[in-house]
Amino acid sequence: MPLDIYDKIMMLAKRRGFIYPAFEIYGGIAGFYDYGPLGSRLKQNIENLWRSFYLLKDNCVEISTPTITLHEVLKASGHVDEFTDLTVDCKKCKASYKVEGIIEEGIIVEDAVKNDRIKCPTCGAILKDPYPVNLMFSTTIGMGEGRAAFLRPETAQGIFTNFHLLYRYAREKLPFGVIQVGRGYRNEVSPRQGTIRMREFSMAEAEIFFDPKDKTHHNFDSVKDKELYLFDNEKEMKISMGQSVETKVINNQALAYYMYLTQEFLMSAGVDPKKFRFRKHASDELAHYAQECWDAELFSERFGWVECVGIADRSAYDLSAHIESSGTDMYAMRKYSEPKIVEVKKIVPKMGALGPLFKGKADKIKTVLENMELKESKKISVDIDGEILEIPDDCYDIVETKEKVAGEKFVPHIIEPSYGIDRILYCVLEHNYREIKKKGEEYRLLKLNALVAPIKVGVLPLISDERLVKVAKEIDKNLRNAGIATYYDEGGTIGRRYARMDEAGTPFCITIDHDTLEDNTVTIRDRDTTEQERKKIEDAVQYIKDKTSQ
RNA sequence: GCGGAUGUGAUCUAGAGGUUAUGAUUAGGGCCUUCCAAGCCCUCUGCCCGGGUUCGAUUCCCGGCGUCCGCACCA
């Protein structure tokens with residue numbers, strides 16, 4: 001079989017130090033890859049470019065939380081239950097299935113298991129002994145029993161569990177956004193598509209907290225004429241931001257805005273616009289927490305359309321879950337323009353009467369009474385640990401007071417753009433890989449965008465003449481001191497060195513020749529045109545800086 | 001997870017039950033060299049792992065792991 005583009009990219013990636021299979025000397029393990037020197041830097045550059053969009057353009061803040069996450073967090077978030085699939089194998093035809101997927105409609109999984117109602121969809125045999133499969137890596141914290149924990153399947157929960165603190169940090173104003181860049185872990189059943197599906201992967205997530213009554217975005221007007229490439233599972237369309245929200249193709253401004261930001265980011269990272277689209281999730285493929293979700297998909301010649309970014313409206317799901325499960329107040333306040341005066345009828349317990357009558361239970365009764373909604377019925381009874389107690393009239397007063405109410409409490413909604421960095425990185429490599437013929441010979445190059453290229457400039461003395469080498473090394477040092485990633489090379493011929501830089505995706509090369517010694521000029525070679533321009537050394541440095549800084 | 005195919009330096013590849021396992025590319029050193037993988041000389045790196053059969057296994061058999069294809073899975 002001829003090598004396809006994936007094979008070629010993985011070959012180049014390994015040879016040039018972008019991507020290696022992890023633990024290869026011990027046989028390797030599916031779903032794990034190492035980033036080599038160039039890959040690491042490319043990944044960092046992509047991540048930092050992403051940060052510049054969210055931290056600077058959108059004014060989010062960044063936090064960093066542990067990858068090991070307490071069981072309680074993921075139980076509350078729904079991952080423990082939703083990530084666990086009851087699986088069953090057919091001994092006859094050796095297939096395995098999710099129980100949920102193959103039982104008759106309307107039957108509960110537990111009942112199906114109990115009553116032998118799971119049939120193999122292929123051969124019809126009755127299937128027995130289902131077993132749970134959880135896609136999260138589990139571990140324990142501490143010695144002995146310890147506390148149950150998982151490696152996080154997403155970075156988002158680390159942001160949610162800090163919401164009340166971050167809300168204070170944002171000085172109690174919505175909307176605000178928090179980002180996190182880090183590793184996530186999923187114990188995939190059979191990861192098979194290189195860095196597209198890894199068991200440990202890098203993700204960049206933003207969680208933007210909104211008042212559910214106001215999902216507008218303050219930048220929306222300035223970009224409302226920009227167009228988005230959308231695919232609603234039937235047809236592709238190009239539609240302006242403003243129109244997409246008006247016609248409810250996209251539910252709200254905020255969602256549309258982060259889609260736009262995503263599109264801009266991916267283009268700056270060097271994605272081919274012809275291999276990009278947003279696809280809307282059908283209702284049956286939505287994650288357990290999502291209300292609406294758009295994926296940014298990038299086209300791979302090997303893998304087809306690959307989901308690289310998910311932009312979901314998670315509504316109040318996560319914060320509500322953590323409020324209920326932890327008891328922490330994670331509400332936000334919608335302040336009235338002026339405080340409202342509200343007349344309130346309150347029950348004020350008389351402890352002098354309650355105490356002697358109910359003794360040890362009096363304190364609990366007091367708490368219940370104080371939090372009770374006052375109803376019309378005359379008799380008041382309370383439920384204390386399952387015991388219904390009637391409270392005589394003389395144990396409390398009903399007091400009418402006027403209270404100032406500053407606003408109403410609500411659970412913020414969350415819009416979550418979530419990026420799979422490794423997938424984006426692979427697609428960027430694939431979209432920018434070129435093969436051309438040079439003098440009849442195969443010639444490979446990576447046309448990486450200068451913003452993300454791991455090496456910004458190759459510094460090359462035309463020949464290994466001592467005088468040229470000396471100047472070249474000096475220029476190289478100055479460039480690095482100016483914060484520009486360089487690669488100094490004096491080995492072999494100049495053509496070979498250009499070729500090396502082309503394969504590494506380096507956008508520029510500075511060549512030091514004999515004229516340099518005369519007049520302090522160098523040539524700058526452009527990777528994509530191979531054309532050269534002669535400039536003063538200082539101008540060349542400035543030129544490279546301008547072209548490559550994020 | 002199931003079935004099939006497959007595994008030789010960093011990369012691509014030849015090979016046979018038996019001395020020191022091909023060739024090319026890359027990489028390193030040298031000569032040469034005033035702009036796109038030129039040439040010449042030298043050099044480094046390898047039979048996926050474990051077990052079995054055999055006097056002898058990188059080669060045959062079994063298992064594991066990796067990769068690829070199909071099925072299932074991918075919240």
Side-chain angles (χ1 to χ4, degrees), chain A residues 1 3-4 6-8 10-17 20-32 36 74 77-85 87-98 100-102 120-122 131 133-136 153-154 186-194 196-199 281 284-290 293 302 306-307 310 312 420 436 438-445 458 460-465 468 490-503 509 511-517 522-523 525-527 529-532 534:
Chain A
M1 213 174 68
L3 297 177
D4 78 353
Y6 172 81
D7 297 320
K8 288 174 179 172
M10 291 315 264
M11 268 163 61
L12 186 146
K14 197 170 179 186
R15 198 155 35 83
R16 284 292 172 207
Y20 311 131
F23 319 119
E24 202 188 17
I25 61 166
Y26 291 107
I29 178 86
F32 295 91
L74 293 157
S77 70
H79 287 86
V80 172
D81 299 322
E82 293 292 329
F83 250 60
T84 305
D85 290 328
T87 305
V88 71
D89 299 329
C90 178
K91 293 183 181 69
K92 217 164 144 191
C93 59
K94 304 221 167 177
S96 62
Y97 302 94
K98 270 166 87 168
E100 208 187 326
I102 58 171
C120 176
T122 315
Y131 52 94
V133 173
N134 193 292
L135 259 17
M136 291 192 290
E154 58 174 19
R186 294 176 197 185
N187 203 353
E188 298 282 357
V189 180
S190 62
R192 258 194 210 179
Q193 298 145 305
I196 298 294
R197 248 175 97 203
M198 297 205 283
R199 287 178 164 137
H281 273 211
D284 62 350
E285 64 177 314
L286 285 172
H288 65 272
Y289 49 71
C293 183
R302 171 65 168 265
V306 178
E307 167 193 347
I436 55 171
K438 228 173 181 177
K439 290 184 189 160
E441 255 192 90
E442 193 119 299
Y443 192 91
R444 289 169 296 275
L445 64 161
L460 321 169
L462 185 59
I463 53 166
S464 49
D465 177 318
L468 297 186
E490 60 174 86
T493 61
I494 190 74
R496 178 172 293 271
R497 285 177 268 153
Y498 285 145
R500 257 201 284 265
M501 287 294 95
D502 286 346
E503 261 197 344
C509 287
T511 304
I512 290 84
D513 57 21
H514 285 83
D515 291 348
T516 309
L517 302 175
V522 292
T523 62
R525 169 189 182 268
D526 183 296
R527 175 195 61 209
T529 62
T530 76
E531 269 162 31
Q532 283 172 284
R534 184 163 283 278

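Order of the sequence lines fixes the chain letters, A, B, ..., with proteins taken first and strands second; residue numbering starts at 1 for each chain.
- Within the 4.0 Å cut-off from OP1 or OP2 of rU25(B), not a single side-chain nitrogen or oxygen of Arg16(A) is found.
- Between Gly194(A) and Tyr26(A), it is Tyr26(A) whose nearest contact on RNA chain B lies nearer the 5' terminus.
- Comparing rC69(B), rC36(B), rU34(B) by their closest approach to the side chain of Arg192(A) singles out rC69(B).
- If you measure from atom CD of Glu24(A) to atom P of rU11(B), you get 7 Å, rounded to the nearest angstrom.
- rG3(B) and rU19(B) are spaced 43 Å apart, taking the C1' atom of each and rounding to whole Å.
- The residue Leu468(A) sits apart from the nucleic acid: no heavy atom pair falls under 4.0 Å.
- For the P atoms, the distance from rU58(B) to rG46(B) is 15 Å, rounded to whole Å.
- Candidate nucleotides rC35(B), rC73(B), rC36(B) were compared by shortest atom distance to the side chain of Val189(A), and rC73(B) ranks first.
- Closest-nucleotide positions on RNA chain B for Gly492(A) and Arg15(A) were compared, and the one nearer the 5' end corresponds to Arg15(A).
- Here rC36(B) is the nucleotide among rC35(B), rC36(B), rA10(B) with the atom lying nearest to any side-chain atom of Thr530(A).
- Rounded to whole Å, the C1' atom of rG15(B) lies 9 Å from the corresponding atom of rU8(B).
- Heavy atoms of Gln193(A) sit nowhere under 4.0 angstrom from any nucleic acid atom.
- Atoms CD (Glu503(A)) and C1' (rC12(B)) sit 14 Å apart, rounded to a whole Å.
- Among the heavy atoms of the strands lying under 4.0 Å from Tyr443(A) is at least one base atom, whether or not backbone atoms are also near.
- Residue Ser190(A) has no polar side-chain atom (N or O) positioned under 4.0 Å from OP1 or OP2 of rC73(B).
- In this structure, the nucleotide among rG66(B), rC68(B), rG28(B) sitting nearest to the side chain of Arg500(A) is rG28(B).
- In this structure, of rU34(B), rG28(B), rC74(B), it is rC74(B) that holds the atom nearest to the side chain of Glu188(A).
- When the nucleotides rU67(B), rA37(B), rC74(B) are ranked by their closest atom to the side chain of Ala30(A), rU67(B) comes out on top.
- Searching all strands for a Watson-Crick or G-U wobble partner of rG17(B) with both distances below 3.5 Å returns nothing.
- Using a 4.0 Å heavy-atom cutoff across all strands shown, Arg527(A) reaches no nucleic acid atom at all.
- Using a 4.0 Å heavy-atom distance criterion, Leu286(A) is classed as a sugar-phosphate-only contact.
- In this structure, CZ of Phe32(A) is placed 14 Å from P of rC65(B), rounded to the nearest angstrom.
- Applying the 4.0 Å criterion to OP1 and OP2 of rA27(B), one finds that Arg496(A) has a side-chain N or O inside that range.
- Among the atoms of the strands shown, base atoms are found under 4.0 Å from some heavy atom of Arg525(A).
- On the P atoms, rG4(B) is 10 Å away from rG63(B), given to the nearest whole Å.
- Both distances falling under 3.5 Å, in either a Watson-Crick or a G-U wobble arrangement, occur for no nucleotide opposite rC44(B).
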